[in-house]
Amino acid sequence: RVSALVLRRLSAILMWILSNAWFEILYRDRESVLAWEQGLCFVPTSEIIAVEETDLNKKQRNSGKWQKMAKLHAFTVYYVKKAQNHRWRCSDVTFWCVDEQLCNQWIQALKELLELQTRPKQLLVYINPYGGKRQGKRIYEQKVAPLFSLASISTDVFVTERANHAKDNLFEVNINKYDGVVCVGGDGMFSEVMHGLIGRMQKDSGIDQNNPKAPLVQCNIRIGIIPAGSTDCVCYSTVGISDPVTSALHIILGDSQPLDVSSVHHNNTFLKYTVSLLGYGFYGDVLKDSEKKRWMGPMRYDYSGFKTFLSHHCYEGTISFQPAKHTLGSPRDKDSCRTGCHICRQSEQQLAEQRKKCGLKHEEDEEEWKVIKGKFLAINAVNMSCACPRSPKGLSPAAHLADGSADLILVRKCSRFDFLRYLVRHTNQDDQFDFSFVDVYRVKSFQFTSKLLEDNESDVTDIGKKHFGQFCRDHPACCCNIANSTWNCDGETLDSSAIEVRVHCQLMKLFARGIEENHKEAVSNQSRVEQLL
Ligand SMILES: Nc1ncnc2c1ncn2[C@@H]1O[C@H](COP(=O)(O)OP(=O)(O)OP(=O)(O)O)[C@@H](O)[C@H]1O
Ligand SMILES: CCCCCCCCCCCCC/C=C/[C@@H](O)[C@H](CO)NC(=O)CCCCC
Ligand SMILES: [Ca+2]
């Protein structure tokens, strides 16, 4: 109510100012001049980055026009300018005035408005200097740090020296000091920070992560991702673009996006959490091969992807899963998860009700299990669409960020040509599930055991292995690999092929707002009427 009142006062003052043409406004870009001519300017306070008294000496040096005018006072409003393809930029507008007191009143009033927004003030930043093209440090220093400083955000910056450095540090640091954690790197770096935060949360609450049925404690400290990796799938799927400045602005505005996290166990031992892709077969093999070629940077995935495609290995095993009946959506839906998604909101309500009903007590889940046996080229479980620059719609375009479910995609044995057709659909608009050899299910938990493990390795004798290499003894020409594949868990390999997976609805939060809808329309409106105060 206070903010509405202040806003109304401000708009009244603004209208008065505009109608008296009393204020002189200097716009930096052409679109803004156009807007000024139309006399209509809005910026939602939620999209103001900062307000600062303007250094007049600097401005006058830059703009000869104002040199002759004496005794002017000015303040600059920095705000989010939304460009195309979900890209955000920091833009600014300077307001000039002859009355120093009035100018200060404006600065004060706008700063008070910004104080009413719940935004991060103190952040813990981890930079992986070796992720992606090894640009993490430069990206942070040149593109992100100046914006944080403009928004008066204090930071403790930690440049990692080894893998798991950030994760280990998160178990020691005084976490309550911070309003959020930022990771500069790729999906692997994000995964490290997420494991640190979720792990720390469970440890502090006495929850045993090794128990696959343990009700995990939600992690309320948000994570911000500054993309500087090779795939940057989590950033792309939650923001709509992989762009460091856009992500920094989402962090500054204090956006919040809940995220489903799946836990992966083997024999009552915790292995990992996953938020994007948990893939066996094709994506597991690509990752395993690409790890040896890290020196190639992001190109390693193209090289290993091509090699793995040619090898065309399929793997035999059994998948059992519990369908997600609590959620309204289906993986074949035409609509995708967007900012304020009603399906994710409904899951949030269900979660709150569930918590009220049984607190931290876990209800034994007796829902039915479906069992599928077969030979698979790929088994992909995705908690989100997995959109990324290589696959702009992702592996499951209708997957939801926070509905408490994952999409389980089973690609059965097929010809190389058919598998290529399937892969090509990762990159275009066509329906990826419209193939006789592809099945997709929305699930809340699943288990996988390879045939090799089922048979308990008893009938695979050393003689057999020697004689037929690692391929199927009965049908050596069928490309069915009797060795196991590897699970690709958000870009890291798992040691075990038999796993048990459970989706934890909205276990954590990001500094993001999901992908915004109707962006084209918003942009064209904005260029007609620049959104200023
Ligand atoms: N200083 C470091 N030295 C070596 N490895 C590190 C260091 N800091 C972090 N790591 C590890 O590097 C791995 C990969 O990093 P990151 O995810 O940033 O880049 P990427 O693999 O190129 O990108 P993507 O995950 O998007 O494909 C992470 O799993 C992380 O644990
Ligand atoms: C003929 C054209 C065929 C082209 C097919 C391209 C398909 C690209 C789909 C990419 C899907 C990425 C899913 C996200 C996985 C991340 O958790 C993980 C860590 O960053 N990245 C990879 O495993 C990296 C996986 C990269 C595989 C190439
Ligand atoms: Ca989901």
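Not measured: the values here are computed from a predicted model. Remember, it's 1-based here, ligands and their atoms both numbered in the order they're listed. When a residue number appears, it is its place in the shown sequence, counting from 1. Computation of the quantities below employed the complete heavy-atom set of this structure, encompassing side-chain atoms and omitting hydrogens, waters and symmetry-equivalent molecules.
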Exceeds 12 heavy-atom contacts within 6.0 angstrom, atom [atom1] of [X]:
{"X": "D208", "atom1": "CG", "value": "yes"}
{"X": "Q429", "atom1": "CD", "value": "no"}
{"X": "F306", "atom1": "CZ", "value": "no"}
{"X": "K370", "atom1": "NZ", "value": "no"}

Problem - Matching residue for S237 among S276, S242, C388, S385 - test: side-chain contact (heavy atoms from CB on, under 4.5 Å) - result: S385
Closest non-hydrogen protein atom to [atom], residue and atom name please, with distance?
{"atom": "atom 8 (N) of ligand 1", "value": "T160 OG1, 2.7 Å"}
{"atom": "atom 5 (N) of ligand 1", "value": "A163 N, 3.7 Å"}
{"atom": "atom 23 (O) of ligand 1", "value": "S230 N, 2.8 Å"}
{"atom": "atom 31 (O) of ligand 1", "value": "E192 OE2, 2.3 Å"}
{"atom": "atom 12 (O) of ligand 1", "value": "N128 ND2, 3.4 Å"}
{"atom": "atom 3 (N) of ligand 1", "value": "Y130 CD1, 3.3 Å"}
{"atom": "atom 14 (C) of ligand 1", "value": "R294 NH2, 3.5 Å"}
{"atom": "atom 19 (O) of ligand 1", "value": "G131 CA, 3.4 Å"}

Practice task
Give yes or no for whether the N/O distance cutoff of 3.5 Å, strictly under, is met between G185 and ligand 1.
Solution key: no
Exercise for the section: Output yes when the distance from some N or O of ligand 1 to some N or O of G229 is under 3.5 Å, and no in every other case. Expected result: no
Practice task
For N383 and S262, test the side chains for any donor-to-acceptor distance below 3.5 angstrom and give the result as yes or no.
Solution key: yes
Exercise for the section: Would you kindly specify which portion of K133 sits under 4.0 Å from ligand 1, judged on non-hydrogen atoms: side chain, backbone, both or neither? Expected result: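 Looking at K133 and ligand 1, no heavy atom falls under 4.0 Å.
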Handout entry: Structural part of M189 in contact with ligand 1, heavy atom criterion under 4.0 angstrom
Key =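 Looking at M189 and ligand 1, atoms from backbone and side chain both fall under 4.0 Å.
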Completion exercise
Closest to atom 28 (C) of ligand 1 (heavy atoms only, candidates P129, G491, G188) is G188
Distance dump, ligand 2 polar atoms to protein, N/O, under 3.5 Å:
residue, atom, partner, partner atom, Å
ligand 2, 17 (O), S276, OG, 3.0
ligand 2, 20 (O), D187, OD2, 2.6
ligand 2, 20 (O), T231, OG1, 3.1
ligand 2, 21 (N), T231, OG1, 3.3
ligand 2, 23 (O), N488, ND2, 2.9

Is it true that [X] and [Y] have ring centroids separated by less than 6.0 Å?
{"X": "Y280", "Y": "Y283", "answer": "no"}
{"X": "F448", "Y": "W487", "answer": "yes"}
{"X": "H165", "Y": "F158", "answer": "yes"}
{"X": "F282", "Y": "F419", "answer": "yes"}

Salt-bridge test for [X] and [Y]: reply yes if a basic N is under 4.0 Å from a carboxylate O, no otherwise.
{"X": "D431", "Y": "R332", "value": "yes"}
{"X": "K373", "Y": "E454", "value": "yes"}
{"X": "R300", "Y": "D289", "value": "no"}

Exercise for the section: Describe, in one word, how the ring planes of Y273 and F270 are oriented to each other, choosing from parallel (under 30°), tilted (30 to 60°) and perpendicular (over 60°). Expected result: tilted
Handout entry: Residue and atom, protein N/O/S, under 3.0 Å of the Ca ion (ligand 3)
Key = D260 OD2, N383 O, H400 O, D403 OD1, S405 O
Handout entry: Residues in salt bridge (charged side-chain N to carboxylate O under 4.0 Å, His left out) contact with D439, at least two apart in sequence or another chain
Key =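 R412.
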Practice task
Could you tell me which residues satisfy salt bridge (charged side-chain N to carboxylate O under 4.0 Å, His left out) with D168, sequence neighbours excluded, listed by chain and number?
Solution key: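 Per chain and number, D168 pairs via salt bridge (charged side-chain N to carboxylate O under 4.0 Å, His left out) with R162.
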Problem - Partner of S445 by side-chain hydrogen bond (donor to acceptor under 3.5 Å, both in side chains), out of Q322, E500, R502 - result: Q322
Handout entry: Any R162 heavy atom less than 4.0 Å to ligand 1
Key = yes
Exercise for the section: Please report the C-alpha distance between Y315 and F376 in whole Å, then the side-chain angles of each, then the deciding distance to 0.1 Å, and finally whether the ring pair (Phe, Tyr, Trp, His ring centres under 6.0 Å) criterion is met. Expected result: CA-CA 5 Å; Y315 300 90; F376 306 99; 10.0 Å; no
State the atoms of ligand 1, each with its element, that fall below the 4.0 Å cut-off from a heavy-atom position in [X].
{"X": "Y301", "result": "27 (O)"}
{"X": "E161", "result": "1 (N), 2 (C)"}
{"X": "T231", "result": "24 (P), 26 (O), 27 (O)"}
{"X": "G132", "result": "19 (O), 20 (P), 22 (O)"}

